[in-house]
Trainee: 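Please read through the structure below; I'll follow up with questions.
Labels below follow one simple rule: chain letters A, B, ... track the order of the sequence lines, proteins then strands, and each chain is numbered from 1.
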Number of protein chains: 2
Amino acid sequence: MSQDTVQMVAEAPAFRPLSDFAGTLSQRVYASLKEAILDLSLRPGAILRKGDVCEALGVSRSPVSEAVARLASEALVDIVPQAGTFVARLSLDEVREGAFLREALELAAVEEVARAITEEQLVELRRNLRLQEGLVADGDIRGFYAADAGFHELLLSFTGHRRLPGLSRTAWVHVDRARRLLLPEPGRVEETLAEHRAILAALEARDPEAARAATRAHLRQVVTRLERLGTERPELFA
Amino acid sequence: MSQDTVQMVAEAPAFRPLSDFAGTLSQRVYASLKEAILDLSLRPGAILRKGDVCEALGVSRSPVSEAVARLASEALVDIVPQAGTFVARLSLDEVREGAFLREALELAAVEEVARAITEEQLVELRRNLRLQEGLVADGDIRGFYAADAGFHELLLSFTGHRRLPGLSRTAWVHVDRARRLLLPEPGRVEETLAEHRAILAALEARDPEAARAATRAHLRQVVTRLERLGTERPELFA
DNA sequence: ATCTTGCGACATGCTAGCATGTTAGCTAGA
DNA sequence: TCTAGCTAACATGCTAGCATGTCGCAAGAT
C-alpha cells in the first residue's frame with residue numbers, strides 16, 4: 001500500500017496527436033498509446049483510465065478499448081476487469097522473455113539466410129552498414145538506432161516471412177522500454193557497429209554457425225547490461 | 001425472414017456455445033470462433049458476417065468485433081474495412097512461416113532446457129511419454145494428440161517463460177489448420193512417439209545439440225507432408 | 001487506537017443506434 | 001449485345017448510454 005502518492009501532479013499524458021498516424025482510429029490510438037508507454041511518458045505502474053484517454057485524444061471508448069486490448073495481449077498493460085487498467089511495471093522476467101524470443105527468431109533467421117543469401121541482399125546490408133558508419137561519424141545517435149533497427153529488419157525480411165519482423169519487434173518491446181533506463185556508455189555505438197560487421201562477414205562467408213554466434217553475441221549485449229542494472233538498482237523493476 | 005433452404009443449412013456455422021468457455025464475453029466469442037476456424041467448419045475464404053455471429057451467439061457486436069480483431073492479428077481472418085470480413089484461406093506461405101516460428105522457439109527452448117533440466121522435470125516428461133504409449137496402445141488418437149501437445153507445452157514451460165507456450169501455439173495455428181487435410185498415415189503415431197523418445201533421450205543426456213536435432217526432425221515431419229500435399233493438390237491452397 | 005463493515009463512487013464490459021465507405025446489381029445508352 | 005454509370009443495400013467503424021462488479025473511505029463497534 002506504500003504506493004506513490006505525491007506524483008499525482010505529474011500525470012500529464014501528452015500523447016502524440018492522432019493525425020501523426022495512419023489507419024483506423026483504433027490503430028492510431030494503439031500507436032499513440034504504445035509510443036507513450038515505450039517512452040516511459042506513461043509511467044510504469046500508473047493507472048490508465050480509458051475515459052481520460054478518450055478525452056485526451058478526442059475519441060470515443062470503443063477504439064480506445066480495442067487499442068488497450070491489443071496492448072494487453074503484448075503485456076504492456078494489465079487490465080483488471082471492472083477495476084482498472086494499469087501500465088505494466090518494468091520486469092526483468094519480461095525483459096528476459098522478450099530477449100529470449102527475439103534471439104530465438106533472429107538466430108533461426110540468420111541461420112536460414114546465411115545458407116542462401118543473394119548478392120543483392122548483401123548489397124542492401126552493406127549499404128545499411130555504410131549508413132550506420134556515417135551516422136556514427138556525425139554523432140547522430142538517434143539516426144543510428146533507426147538504422148540499427150533497419151539492419152535487423154532487413155535480415156528478418158530476407159527469410160521471406162512477412163510477419164516475422166513485426167513479431168520480433170513486438171517481442172523486443174519490453175527490452176526496448178527498459179533500455180531507456182540505461183545511461184549511454186561511451187564507445188558502445190562503435191561496438192555495436194563492429195558486431196554488425198561481424199554478422200555481415202558471417203553472411204558473406206555463408207557460414208550459418210558463425211552468423212548465429214555473431215548475432216547471439218550482439219543481442220546479448222543489451223540484456224547483459226540490463227541484468228547488471230537489475231542487480232545494482234532492483235527498485236527500478238517491479 | 002425467409003426460411004433456410006437445404007443448401008443454407010450446409011453453411012450452418014454451428015459454433016460451440018459460449019457457456020463452454022470462461023472469461024469475458026469477448027474471450028469466449030474469440031475461443032468459439034477460433035475453434036470453428038481451426039475445425040474448418042468455417043470454410044476458408046468464406047465471408048464472416050459479424051451480424052450473423054452476433055445472432056448465432058446471442059451477443060452484441062462489440063465483443064464480436066474485439067474477438068475478430070484478435071483473430072485478424074493472428075492472420076486467421078482478413079478484415080477489409082467497410083467491406084467485409086473473410087476467413088483466411090489456407091496458405092502454404094502461412095504454414096511455412098508458422099512452422100518456422102515454432103521451430104525457432106522450440107529449438108531455442110530445448111537448447112536452453114537441455115543445459116539445466118532437473119530430475120523432477122525429467123520425471124514429468126517420462127510420465128507424459130508413458131501416457132502417450134498407453135493412449136497409442138488403446139488406439140485413442142485424439143487423446144494422443146492432446147498428450148503430444150502437453151509434451152511440447154511441458155518442454156516450453158521448463159524455460160520459465162510464461163507466455164512462450166501460448167506464443168508457440170499461436171504460431172502453429174496455420175499448420176494445425178492445414179493438418180486437418182492430411183489423411184491419417186498408418187504408423188505415423190508410432191513414429192511420433194519414437195521422435196518424442198529421441199528428444200527425451202537427448203535431454204536426459206543434457207546434450208543441447210542433440211536435443212535441437214531431435215526436435216527439428218520431429219517438427220519438420222508435418223510440414224514435409226503438407227508441402228507434398230501442396231504440390232499434389234495445389235487447389236486446396238489459396 | 002484498531003479493526004470491521006457498509007455505502008458511495010467509479011471503471012470496465014456490454015447493448016443499441018448512427019455515419020461512412022464499398023460492392024453488387026440494374027438500367028440506360030452506344 | 002456490351003459497356004458505363006448510377007443507385008441502393010450493406011458491412012464495418014464509431015458514438016453514446018446502461019448494467020455490473022470492484023475499490024476506497026468513513027463511521028461505528030470493540
Side-chain angles (χ1 to χ4, degrees), chain A residues 1-8 11 13 15 17-19 21-33 37 42-43 45-73 75-88, chain B residues 1-2 8 11 13 15 17-19 21-33 42-43 45-73 75-88:
Chain A
M1 290 296 288
S2 57
Q3 275 294 78
D4 314 359
T5 52
V6 189
Q7 293 99 326
M8 294 295 284
E11 291 280 357
F15 300 115
L18 267 53
S19 50
F21 306 98
T24 70
L25 270 189
S26 294
Q27 295 168 337
R28 279 182 278 176
V29 171
Y30 167 79
S32 183
L33 283 178
I37 292 175
L42 249 52
R43 266 182 322 105
I47 189 169
L48 184 66
R49 267 178 279 268
K50 293 185 181 178
D52 294 357
V53 177
C54 295
E55 200 173 342
L57 293 176
V59 297
S60 184
R61 283 173 37 201
S62 288
V64 173
S65 202
E66 191 175 316
V68 170
R70 282 182 65 184
L71 293 171
S73 76
L76 284 175
V77 302
D78 293 325
I79 302 179
V80 184
Q82 269 78 31
T85 304
F86 303 88
V87 179
Chain B
M1 280 298 291
S2 61
M8 293 293 282
E11 293 275 353
F15 300 114
L18 267 51
S19 50
F21 305 99
T24 70
L25 269 188
S26 294
Q27 296 169 337
R28 279 182 278 176
V29 172
Y30 167 78
S32 184
L33 282 178
L42 249 52
R43 254 189 329 104
I47 189 168
L48 184 66
R49 268 176 278 269
K50 292 185 182 179
D52 294 357
V53 177
C54 295
E55 200 173 343
L57 293 176
V59 296
S60 184
R61 283 173 38 201
S62 288
V64 173
S65 202
E66 191 176 316
V68 171
R70 284 183 65 185
L71 293 170
S73 76
L76 284 174
V77 301
D78 292 325
I79 301 179
V80 184
Q82 269 79 29
T85 304
F86 303 88
V87 179

Trainee: Please give me the minimum heavy-atom distance between B/Ala88 and B/Ala75, naming the atom from each residue.
Mentor: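 Closest approach of B/Ala88 to B/Ala75: CB-O, 3.4 Å.
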Trainee: Could you check whether any side-chain N or O of A/Glu66 sits under 3.5 Å from a backbone N or O of A/Pro63, counting only pairs where one atom can act as donor and the other as acceptor?
Mentor: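 Between the backbone of A/Pro63 and the side chain of A/Glu66 there is no qualifying donor-acceptor contact (under 3.5 Å).
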Trainee: Does any N or O in the side chain of B/Arg28 come within less than 3.5 Å of the main-chain N or O of B/Gly23, such that one atom is a donor and the other an acceptor?
Mentor: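 Yes, B/Arg28 side chain to B/Gly23 backbone: donor-acceptor pair under 3.5 Å.
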Trainee: Have a look at B/Ile47 and say if it touches a base, only the backbone sugar-phosphate, or nothing, with a 4.0 Å heavy-atom cut-off.
Mentor: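 Nothing, no nucleic acid heavy atom in range.
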Trainee: If each of A/Leu25 and A/Arg61 is mapped to the nucleotide of DNA chain D with the nearest heavy atom, which maps nearer the 5' terminus, i.e. the 5' end?
Mentor: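 Checking each residue's closest nucleotide, the 5'-ward one belongs to A/Leu25.
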Trainee: Give the B/S/- string for nucleotides 5-10 of chain D, one per nucleotide from 5' to 3', where a protein heavy atom under 4.0 Å of the base yields B, of only the sugar-phosphate yields S, and otherwise -.
Mentor: ------
Trainee: Give the minimum heavy-atom separation between A/Ala67 and A/Val29, together with the two atoms involved.
Mentor: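 In this case the closest contact between A/Ala67 and A/Val29 is CB-CG1, 3.7 Å.
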Trainee: Would you mind telling me which residue lines up with the more 5' stretch of DNA chain C, A/Gly84 or A/Ser62, judged by nearest nucleotide?
Mentor: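 Nearest nucleotide further toward 5': that of A/Gly84.
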Trainee: Mind running side-chain contact (heavy atoms from CB on, under 4.5 Å) on A/Phe15 and A/Leu42 for me, showing each step along the way?
Mentor: CA-CA 9 Å; A/Phe15 300 115; A/Leu42 249 52; 3.8 Å; yes
Trainee: Do you know which two heavy atoms are closest between B/Val68 and B/Val77, and how far apart they sit?
Mentor: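 Answer, listing the atom of B/Val68 first, then B/Val77: O-CG2, 3.7 Å.
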Trainee: So, A/Ser65 versus A/Lys50: side-chain donor-acceptor pair below 3.5 Å or not?
Mentor: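 There is such a pair (donor and acceptor under 3.5 Å, judged by atom type) between the side chains of A/Ser65 and A/Lys50.
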Trainee: Write down the atom of B/Cys54, the atom of B/Arg61, and the distance for their closest heavy-atom approach.
Mentor: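 Looking at all heavy atoms of both residues, the shortest contact is SG-CG, 3.1 Å.
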Trainee: Going 5' to 3' along DNA chain C, which are the first and last nucleotides with any atom under 4.0 Å from a heavy atom of chain A?
Mentor: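 Terminal contacting nucleotides, 5' to 3': C/dA11 to C/dG13.
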Trainee: On DNA chain D, check which nucleotide each of A/Ala83 and A/Glu66 is closest to and give me the residue with the more 5' one.
Mentor: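 It is A/Glu66 whose nearest nucleotide is closer to the 5' end.
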